Amino acid sequence: MKALVYEGNQTLTVKETDIPRIERGEVLIRVRFAGICGTDMLIWKDGLARVKPPVVIGHEFSGVVEAAGSLESSFKPGDRVVVEPLLSCGNCKACRMGAYNVCQKFRLLGIDADGAMAAYVKAPEHRLFRIPEGMSFEDAAFVEPLAVGVHMVRQSGIGNGQVALVTGGGPIGLIAACVAKLKGATVYISEINPFRIRMAEQLGFLTINPNEERAAERIYADTGGGGADAAFEATGTAAGLADCIAACGPKGTVVIAGLPKRKPEVDVYEIVAKELNVVGSRVYRSEDFKEALKLIQDGQFHPGIFISRVVSLEEAVEQGFKSIERGDPVMKILIRMDDGD
């Protein structure tokens with residue numbers, strides 16, 4: 001089968017690889033669409049030290065069950081599925097608590113094991129979700145990043161009539177903003193990229209360009225001094241985190257989802273003085289996947305707004321990865337995997 005393989009040294013290659021062999025408890029899936037995300041970009045640029053090449057990348061995907069590893073499987077060939085791509089140990093303290101997304105031996109398809117930018121991928125059966133009737137494979141490929149945003153908002157506790165700031169208008173930032181808006185929040189997006197600012201405005205968000213104004217000053221002015229009830233850091237920058245802390249009002253919650261390349265300095269005084277809650281948000285759990293599926297199924301979230309381009313596997317590097325690297329006006333690029341083995 002054909003697959004996009006990260007071979008180390010900033011090299012992605014489309015090459016022939018073996019179809020995965022499944023064991024009991026696993027399912028073989030023929031991939032239909034796979035999305036390119038920020039983590040894939042980091043892997044390509046050697047930004048994740050834990051990745052051991054060669055590895056097939058990709059963890060946002062939809063597909064069709066090709067075969068199951070046991071006759072007792074609840075899935076059969078032809079079932080349309082999405083996959084929660086987490087590989088947890090099931091035995092550590094986090095897993096025993098039900099918080100398997102922070103498993104002490106956390107692994108992920110497409111990073112620590114072969115992923116979905118290939119004709120076929122294997123996954124644990126208990127991580128599969130059926131695609132609802134009427135939902136397209138393209139939309140279903142968006143469930144994984146939407147689940148990230150759902151989990152971020154769940155971590156914040158944001159609710160109706162409250163105010164939220166999101167630093168970073170990339171895919172994850174805008175997705176989290178959409179989910180917060182669905183919860184009834186008024187959402188500000190802090191972003192400097194003109195394309196992303198326009199998209200945020202088209203989605204109905206209030207925008208702040210940090211090169212022109214301070215997020216905290218704008219939000220405090222707009223809220224009569226109350227500040228934001230929650231702030232979501234989705235840039236992985238020290239400036240983004242500082243803005244979140246500054247913009248939150250008393251008892252506000254700062255949700256950190258972006259991973260900084262350098263350890264940031266944190267204004268602890270503001271955290272203490274306002275008794276802020278500072279929480280991390282790591283991927284998702286099954287309840288987030290279920291909610292993401294329902295948001296798309298019910299028409300509350302429309303993935304098509306975010307999908308800028310669909311390319312073939314052979315086009316993925318030039319028209320996908322390099323396009324994102326150049327800063328082209330794109331939000332999400334999907335790879336179509338159903339045009340050959």
Side-chain angles (χ1 to χ4, degrees), residues 4 10 12 14 33-45 47 57-62 117 136-149 152 164-181 187-213 215 218 232-237 239-240 243 257-259 261 292 295-296 301-337:
L4 186 60
Q10 301 185 10
L12 288 172
V14 176
F33 289 91
I36 302 173
C37 82
T39 303
D40 300 318
M41 297 294 293
L42 280 175
I43 294 171
W44 175 37
K45 290 301 178 181
I57 62 174
H59 57 272
E60 305 176 359
F61 65 99
S62 62
M117 291 185 187
S136 70
F137 283 109
E138 293 95 328
D139 284 358
F142 217 89
V143 170
E144 194 273 353
L146 178 54
V148 173
M152 288 170 64
L165 167 68
V166 178
T167 56
I172 294 301
L174 287 181
I175 289 168
C178 287
V179 179
K181 185 179 179 182
V187 183
Y188 291 78
I189 303 288
S190 176
E191 177 58 61
I192 61 173
N193 181 287
F195 167 72
R196 292 179 172 183
I197 290 173
R198 289 195 301 273
M199 185 159 185
E201 291 172 344
Q202 290 169 3
L203 289 169
F205 301 120
L206 300 166
T207 58
I208 300 169
N209 186 331
N211 288 337
E212 300 174 358
E213 60 180 333
R218 166 77 177 280
F232 301 88
E233 207 307 290
T235 68
T237 66
D243 283 350
L259 296 176
K261 295 180 181 178
L295 288 175
I296 297 174
F301 184 91
H302 302 280
I305 297 172
F306 289 82
I307 299 170
S308 304
R309 185 182 301 162
V310 178
V311 301
S312 68
L313 185 63
E314 288 74 14
E315 298 168 329
V317 175
E318 293 296 327
Q319 297 187 31
F321 284 82
K322 291 185 179 180
S323 178
I324 296 170
E325 182 188 35
R326 287 193 300 267
D328 291 349
V330 296
M331 188 58 61
K332 176 63 68 174
I333 296 176
L334 295 184
I335 302 171
R336 184 189 304 107
M337 296 300 310

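Heavy-atom basis, side chains included; hydrogens, waters and symmetry copies ignored. A quick note: this is a predicted structure, and the numbers were derived from the prediction, not measured.
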Worksheet item: Heavy atoms, side chains only, cut-off 4.5 Å: are L206 and R218 in contact?
Response: yes
Fill in: Aromatic plane relationship, W44 with F321 - under 30° parallel, 30 to 60° tilted, over 60° perpendicular
perpendicular
Item to complete: Provide the closest heavy-atom pair for C178 versus L203 in the form atom of the first, atom of the second, distance.
Response: SG-CD1, 4.3 Å
Item to complete: Could you pull out the closest heavy-atom pair between I307 and E138, with the gap in Å?
Response: CD1-O, 4.1 Å
Worksheet item: What pair of heavy atoms forms the shortest contact from E233 to G236, and how long is it?
Response: OE1-N, 2.8 Å
Discussion item. Would you say that V166 contacts V187 through its side chain, given a criterion of any heavy-atom pair below 4.5 Å between the two side chains?
Written reply: yes
Discussion item. I want to check something: taking the side chain as every heavy atom from C-beta on, are H59 and C37 in contact at a cut-off of under 4.5 Å?
Written reply: yes
Worksheet entry | 4.5 Å side-chain heavy-atom contact, T237 and T167 | no
Fill in: Approximate separation, where rounding is to 0.5 Å, of E191 CD and T235 OG1
9.0 Å
Worksheet item: From R336 CZ over to F33 CZ, what is the distance, rounded to the nearest 0.5 angstrom?
Response: 5.5 Å
Worksheet item: Of all heavy-atom pairs between A141 and S62, which one has the smallest distance, and what is that distance?
Response: N-CB, 3.8 Å
Worksheet item: Checking side chain to side chain contact (heavy atoms under 4.5 Å, CB included) for the pair V311/I333: CA distance, chi angles, key distance, verdict?
Response: CA-CA 7 Å; V311 301; I333 296 176; 4.1 Å; yes
Item to complete: To the nearest 0.5 angstrom, please state how far the CD1 atom of I57 sits from the CG atom of D40.
Response: 4.5 Å
Practice prompt. Could you grab the distance from atom CG of N209 to atom CG of N193, nearest 0.5 Å is fine?
Written response: 10.0 Å
Worksheet item: Do you know which two heavy atoms are closest between P303 and I296, and how far apart they sit?
Response: CG-CD1, 3.8 Å
Worksheet item: Does the side chain of M117 reach to within under 4.5 Å of the side chain of I36, using non-hydrogen atoms?
Response: yes
Worksheet item: Rounded to the nearest 0.5 Å, how far does NZ of K332 lie from CG of L174?
Response: 11.5 Å
Worksheet item: How long is the gap from CE on M331 to CZ on R309, to the nearest 0.5 Å?
Response: 13.0 Å
Fill in: Full working for side chain to side chain contact (heavy atoms under 4.5 Å, CB included) between D328 and K322
CA-CA 9 Å; D328 291 349; K322 291 185 179 180; over 6 Å; no
Worksheet item: Just wondering, do I172 and F232 contact through their side chains at under 4.5 Å, heavy atoms?
Response: no
Fill in: Smallest separation among heavy atoms of L165 and S190, with atom names
CD1-CB, 4.1 Å
